[in-house]
2 protein chains.
Amino acid sequence: MPAGVPTDSVEATKPAPRGRPRTVGAGEGAQTLMRGLDVLEAIADGTTDLAALAARLGTTRTTTHRLAAALVARRYLNFASGDGYSLGPKLLELGFQTRHSMPLHQAARAHLARLAERTLDTVQLGILDEGVVFYIDKVPGQRRFEIRSNMGDRHHVWATGLGKALVLDMTEDQWNGFFGKGRPDDARPSEAARQEWLAQMRTYARNGVAFDLGETEAELRCVAAPIRDASGAIVAAVSVSSITQYMQPERMTDLSHDVRETAAAISAALGWRKGVGTASA
Amino acid sequence: MPAGVPTDSVEATKPAPRGRPRTVGAGEGAQTLMRGLDVLEAIADGTTDLAALAARLGTTRTTTHRLAAALVARRYLNFASGDGYSLGPKLLELGFQTRHSMPLHQAARAHLARLAERTLDTVQLGILDEGVVFYIDKVPGQRRFEIRSNMGDRHHVWATGLGKALVLDMTEDQWNGFFGKGRPDDARPSEAARQEWLAQMRTYARNGVAFDLGETEAELRCVAAPIRDASGAIVAAVSVSSITQYMQPERMTDLSHDVRETAAAISAALGWRKGVGTASA
DNA sequence: TTGAATATTCCAATATATGGAATATTATTA
DNA sequence: TAATAATATTCCATATATTGGAATATTCAA
């Protein structure tokens, strides 16, 4: 499914429905619910009018309308005559509630703030979600500039410090799967680049800290470390980001300790005990 | 037929739609979807296990399980053996997307940041949602302390600057409806307090700016102004909050201009033209 | 290990969702 | 303004998707 992320919306109009996200199989016996969720997601994806919705779901206008009307009644959708459907306030509510109910979020908040205060730079918290990095919290730094990422953004695993930290425990095969993912075909990285990236990942995995040396934005760098839960599995990662000027090699090394400590503190709050799940093989 | 939920039971009798768009009958023919949403909201409300869920919805465990399983498959819920159900990552996603897709949010962002920079204090953006103030954006200030409200918080209309700004256009009857709302019965405010509050509201409405003089937290004060869309209706409000020490009467007066200007700028970005919908009667 | 609590699957019965066609509501012209 | 197009909404008989009881599987607590 094409992501409707604000950073670069590809098209504003409704295109021909490509591959159908038919998640049939699991969820048998709840067709109406599934279709309702389809409606929700189609609208999140930029569809605004009934006809397009119906075409996308492969249902009649009648059925589609009934589902949409139900969602409007429950405030999951807005409907404005003329502008069509849009995501409703209930989704805002549930989104916020979800964030607050995450033990991770609660455990992390104070630590992130303190890290941001010490480093003066932007601190971010992210999780791995469907193969991409999902930013779930951010504490801005105190410099004269602002790292322009936002909570809710999604970025590629291989090109961000947070992403690399999140996959540090995976096998080299899995790493390979991530590398270059999401790149347009004409910008496929060279084999040499892949090898270098893998070599770096090995180092990061050994150290328990990952760097971003400007893969996405040349002037941006960051230091990230994985957060583990009671089972030792990586469930999130924390990073400190700044511009290259403030991220010379020595500082990145220095920060490594602090970031790792912060990650460890949050991990501890989640029930992790030192030693469980860390690199050993 | 479900009978536990407070917000339905519309049947046979001819509805006499007064001020409120009752959306009667909507949701008919989508029982499964409605029940699915019930599940979602029950879990948002703290229910975690199947038995409790079923009891709450008035459905059998089987049905409830099918719905929950479908929602898990679609990542609207998590299920962890032992901990039960919790809100899932898809809700995070949709929540963020909803926020970003609001024209209001986009129009406001830059203005809020600039206001926060000028005033050094916390700037907040809120909307009226089901009779309460819903905080949808916040730009922290630069003082040594932190206003502890968070995005996603809900507060009472009558006790916050944002809330008052949001209802500035309403009638005195409607104001009355808001006053004291949500208070425990034993803390019902006196008639004198009500009269004083109404008098203040009249002043605020005349000036197009509302103050919070410590109704909720004695040491907190704020200055808020309404944001209007193209139709002139109030759709949101912006506020600057700080501690009393920094919010002496003169400064509140000074801030009034700046806050009102900011609100006007955001309103303009939403298509509002000076004069439309402002106090006139 | 046992027993208790909880989650999950199976199935026939029917209440519930479905879509075609008719209608109402808005937008866009003439 | 009226007439047209475009879109949303309601109606209703039909059959299909959903239901819940009972059986089974899984996890948790001693």
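In this text the structure is predicted, and so the values were computed from the model without any measurement. Heavy-atom basis, side chains included; hydrogens, waters and symmetry copies ignored. Just so it is clear: chains get the letters A, B, ... in the order the sequence lines come, proteins before strands, and each one is counted from 1.
- Residues satisfying the side-chain contact (heavy atoms from CB on, under 4.5 Å) criterion with A54(A), sequence neighbours excluded, are R61(A), T64(A).
- Under the ring-ring contact (aromatic ring centres under 6.0 Å, His included) criterion, H105(B) pairs with H100(B), not counting sequence neighbours.
- In this structure T262(A) satisfies the side-chain contact (heavy atoms from CB on, under 4.5 Å) test together with H111(A), L115(A), R118(A), D258(A), I266(A), sequence neighbours excluded.
- Residues passing the ring-ring contact (aromatic ring centres under 6.0 Å, His included) test with H65(A): none are found, sequence neighbours excluded.
- For H65(A), a side-chain nitrogen or oxygen approaches OP1 or OP2 of dT9(D) to under 4.0 Å.
- Distance from the side chain of T59(A) is smallest to dG19(C) among dT9(D), dG19(C), dA23(D).
- Residues passing the side-chain contact (heavy atoms from CB on, under 4.5 Å) test with A44(B), sequence neighbours excluded: L94(A), Q97(A), L87(B).
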Check: protein-nucleotides 24-27 of chain C nitrogen or oxygen pairs below 3.5 Å:
from, atom 1, to, atom 2, distance (Å)
dT26(C), O3', S81(A), OG, 3.2

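- Legend: residues meeting side chain to side chain donor-acceptor pair (under 3.5 Å) with T60(A), ordered by chain and number and at least two apart, are T63(A).
- Checked against side chain to side chain donor-acceptor pair (under 3.5 Å), R154(B) has the following partners two or more places apart in sequence or in another chain: E93(A), D129(B).
- Of the listed nucleotides (dT10(D), dA17(D), dG21(D)), dG21(D) has the atom at the smallest distance from the side chain of T60(B).
- Listed by chain and residue number, T47(B), D49(B) satisfy the side-chain contact (heavy atoms from CB on, under 4.5 Å) test with A52(B) (two or more places apart in sequence, or in another chain).
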Using a cut-off of under 3.5 Å, enumerate the N/O to N/O pairs linking the protein to nucleotides 10-15 of chain C.
none

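- Under the rule for a ring-ring contact (aromatic ring centres under 6.0 Å, His included), the partners of F134(A) that lie at least two apart in sequence or sit in another chain are F96(B).
- End-to-end axis angle of the helix from dT1(C)-dA30(D) to dA30(C)-dT1(D), from C1' rotation axes over five pairs per end: 60° (rounded to 10 degrees).
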